[in-house]
Amino acid sequence: MPARVPNRPVCHHCDGFPVVAITTGDRHRDGSRVLLHVVCHACQGTGHTHRAAFGQIKEVAA
């Protein structure tokens, strides 16, 4: 039986497509295009967001 993996929310900045290739318009000597690979800044290339850690806020008496 396969192991269950908890569902992780998809990054709302990249919609699950964390790495994209952008062409510069130039070509290599063999004719292939020069590409830039760009990683999503919000999820750091994972495609998923991290759940916020909720903690207790302690009030400090002044």
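For the single chain, residues carry numbers from 1 onward in sequence order.
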Q.
Less than 4.5 Å apart, side chain to side chain, heavy atoms only: is that true for Cys11 and Cys40?
A. yes
Here the pair of heavy atoms bringing Cys43 nearest to Cys14 is SG-SG, 3.9 Å
(Q) Less than 4.5 Å apart, side chain to side chain, heavy atoms only: is that true for Thr23 and Val34? (A) no
Q: For the residue pair Thr24 and Leu35, establish whether any side-chain heavy-atom pair is separated by less than 4.5 Å.
A: no
Those residues at least two apart in sequence (or on a different chain) that pass side-chain contact (heavy atoms from CB on, under 4.5 Å) with Val39 are Val19
Can you establish whether the number of heavy atoms outside His28 located under 6.0 Å from its atom NE2 is more than 12? yes
